[in-house]
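Whatever order the structure lists ligands and atoms in, that order sets their numbers, starting from 1. Just so we're clear, the structure is a prediction, and the values are computed from it rather than from any experiment. We use all heavy atoms of the structure for the numbers below, so side chains are in, but hydrogens, waters and symmetry mates are not.
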Amino acid sequence: MTEHLFNKILIANRGEIAVRVMRTAKALGIRTVAIYSDADASALHVQQADEAIALGGVTAAESYLDMHKVLDAARATGAEAIHPGYGFLSENAAFARACEDAGIAFIGPSAAAIEAMGDKASAKALLADSGVPLVPGYHGDEQSDERLSTEAERIGYPLLLKASAGGGGKGMRIVLSAATLHDDIAAARREARSAFGDDRLLIEKYLIRPRHVEVQVFMDSFGNGVYLFERDCSVQRRHQKVIEEAPAPGMTAALRQRMGEAALAVAQRIQYRGAGTVEFLLDANHEFFFMEMNTRLQVEHPVTEMITGVDLVYWQLRVAAGKGLPQDVSQQSLPINGHAIEIRLYAEDPDNHFLPAIGRLKLWQAPERSASVRLDSGVQQGDEVSPYYDPMLAKLIAHGRDRTEALHNLRTALAALQVDGVKTNRDFLLRLLSLEAFANAELSTDFIERNQHELTQPLPTHWELAALTELLLPTLASQPQQQAHDPWHADGFQSALPAQRVLRLESAAGDVLRARARANDQGWNLQLADQSVQLQGRLELKGQADDIRLLQLEARVNGQQQSLPLALSEHELLLFLPQGSQRFVRNRWLGEQAQDDHGGLTAPMAGQVLEVKVQPGEQVEAGQVLMIMEAMKMEHSIRAPQAALVQAVLYQAGDQVAEGTELLQLEITAEAEAENAAEADA
Ligand code: MV4
């Protein structure tokens, strides 16, 4: 890949795809220009580019979607070509045309090809005599109720109404019988008009539980084309792909060839140029039907790259530079090597209807990349995830000699990916990948719904691992980066582990468990509710991110060995278990409880602080006087309800405070907890 293709290209996108395109451009010695919105000024794609142009604006419409701004940036920097990535302007025929008019190569097909596939009804009409199988249906211009009813009777029920101008499932409506057809047509028209400004409908026979199988095609400007086999993208949620893989499980060589040739026929019909994807529905009888063509590089292209060894962006750049497919490439020469699976990591909340999540990525630790693990990521630790763009953060792709190995590699890599600060679908993906139905490749477009029950079963809480972490923490004291507020450090307990400790463990769900640990020759015996567990382990400091310590726990629980990463801050413990992460609360503020249980830390009535008897960082005993207040000419002592560490003193002598004002914050440290337990035992 050393030949000259371009001096400089502009990447009209953001996030992982912008970074991915830059990787290939750089390998080819092509300079890259990034564009960015105000929200993305410090984004990874901006940092990785050779030059970056601020577009101004925050929303997509004000920035990445504003074709005049994008073209101005290309002209200003002298970029010879524009890579649109996916989304944004990638399938905008007017933009492709404007690039051509400006003498800048659009890295994609012609505007005419984009237009030909943009309208689903005309795309189908175009293919009517091409030999490409279409779902039995109606995609004509005549849109009267009478005509649609007649066609519906001919096609039969159940059927599907789709917006001609749509795609991706928007405005789709299943009609089970003639009884509701009239109302369904009216509703589908309304939806289509509001979503696409176009209320034309098409009708299709409704296929039961189809698979989404798509074929990657690639054509140069000289009419040469190849198909790079298929991807199964059946695992979707509300038409958003979640898992993709190549090759599609259960394909035969004959079916692969028929689908590949049908896909190429679609591309040839519109004199396609560059990378494209032809989507099919595949039914249980291995019958396939054309659905739509995506006239761009797709999110899931890495699985195809991993099984074929082809760099699709390199091919795109060649073709945009007027060259043909690489010399040695022919359909016969293209291999399928093993299997690849991709998952999409979204900033979203699986516990709240998968709504997009925002916030600061306090923790983002990527798994190690290798020949079999690829991470295409647009983010880095510390990034602010904004609500303005697509919530996809990254894609993790794993390869294996076969599907089983690829799945194993992917699960291992995902378990090693640590993220916190923004809600993501990481754990949901781990659970999907753990399903027996997935291991068995029981794929269909209703995969997630079908496995809903198993996906939402609560997982057992690993109290013993949280306990072991707390027990081992003092051993970290001798390691560097030890934090000053750690009680074991502060009080000089660096190496001597106490023979007995009582731990108060609290899950993020608010469940609380008290556990008693007794040191023995092999570690600790832990009494957890009615269970007795033998624990042994080692804790190693791996890194630090803000106030989070990254640790690796080597645990032996009743002789069973396991190793897992975890994130620890003063108030949280996050265990990254192979089956998903588990969060625990640490050192809960005593102040919150004291208000209900004791009332000792808040002002019992309005008054004045007379004297403060403790300082932050001080260890106090149960009953110790912390502060003296005066109210209604009487003195009141504010006492510690139990042994604790003074975390904060909020008022000083002379301050006036209202009734109920929080005066001090105490924290139950492990040490204080042990003291409290000893008290309780006595
Ligand atoms: C269908 C179908 C069943 N029968 N067409 C959804 C997205 C849009 N591109 C087409 N879609 C479907 N079209 C007929 N005639 C079922 C779907 C469908 C689907 C397709 C692919 C992936 C996921 C899906 C989820 C629900 C429905």
Open item on the list: Can you name the atoms of ligand 1, numbered from 1 with element, that are less than 4.0 Å from a heavy atom of Tyr206?
Closed with: 3 (C), 4 (N)
- [ ] Find all atoms of ligand 1 within a distance of less than 4.0 Å from any non-hydrogen atom belonging to Glu204, and give their numbers and elements.
- [x] 5 (N), 14 (C), 15 (N)
Open item on the list: Does the structure place the NZ or CZ of Arg154 under 6.0 Å from the centre of the six-membered ring of Tyr138, at an angle of no more than 45° from the ring's axis?
Closed with: no
Task: Region of Lys205 engaging ligand 1 - heavy atom pairs below 4.0 Å - done: backbone
Task: Atoms of ligand 1 close to His212 [distance to a heavy atom under 4.0 angstrom, numbered from 1] - done: 21 (C), 22 (C)
TODO: Show the numbers, then the answer: is there a ring-ring contact (aromatic ring centres under 6.0 Å, His included) between Tyr389 and Tyr64?
DONE: CA-CA 10 Å; Tyr389 319 109; Tyr64 303 102; 5.6 Å; yes
Task: Region of Leu281 that comes within reach of ligand 1 [heavy atoms, distance under 4.0 Å] - done: side chain
Open item on the list: Against the six-membered ring of Phe222, is Arg318 placed for a cation-pi contact (under 6.0 Å from the centre, within 45° of the normal)?
Closed with: no
Open item on the list: As an exercise, identify every atom of ligand 1 less than 4.0 angstrom from a heavy atom of Leu160.
Closed with: 1 (C), 2 (C), 3 (C), 4 (N), 5 (N), 13 (N), 14 (C), 15 (N)
Open item on the list: Keeping His399 on the side-chain end and Asn337 on the backbone end, is there a donor-acceptor pair under 3.5 Å?
Closed with: yes
TODO: Please indicate whether Gln457 has more than 12 foreign heavy atoms, meaning atoms of other residues, nucleotides or ligands, lying under 6.0 Å from its CD.
DONE: yes
Open item on the list: Heavy-atom distances under 4.0 Å decide this one: backbone, side chain, both or neither, for Leu207 against ligand 1?
Closed with: both
TODO: Indicate whether the side chain of Asp119 and that of Ser164 have a donor and an acceptor atom separated by less than 3.5 Å.
DONE: no
Task: Glu292 N/O to ligand 1 N/O under 3.5 Å - done: yes
Open item on the list: Between the side chains of Glu305 and Arg374, is the shortest nitrogen-to-carboxylate-oxygen separation below 4.0 Å, so that they form an ion pair?
Closed with: yes
TODO: Please confirm whether Lys162 comes within less than 3.5 Å of ligand 1 when only nitrogen or oxygen atoms on both sides are compared.
DONE: yes
- [ ] Before signing off on this row, confirm whether Gln236 and ligand 1 have an N or O atom pair separated by under 3.5 Å.
- [x] no
Task: Among Arg231, Gln216, Arg20, side chain to side chain donor-acceptor pair (under 3.5 Å) partner for His301 - done: Arg20
- [ ] Would you please determine whether Lys241 falls within less than 4.0 Å of ligand 1 on a heavy-atom basis?
- [x] no
Task: Val135: numbered ligand 1 atoms lying under 4.0 Å from its heavy atoms - done: 15 (N)
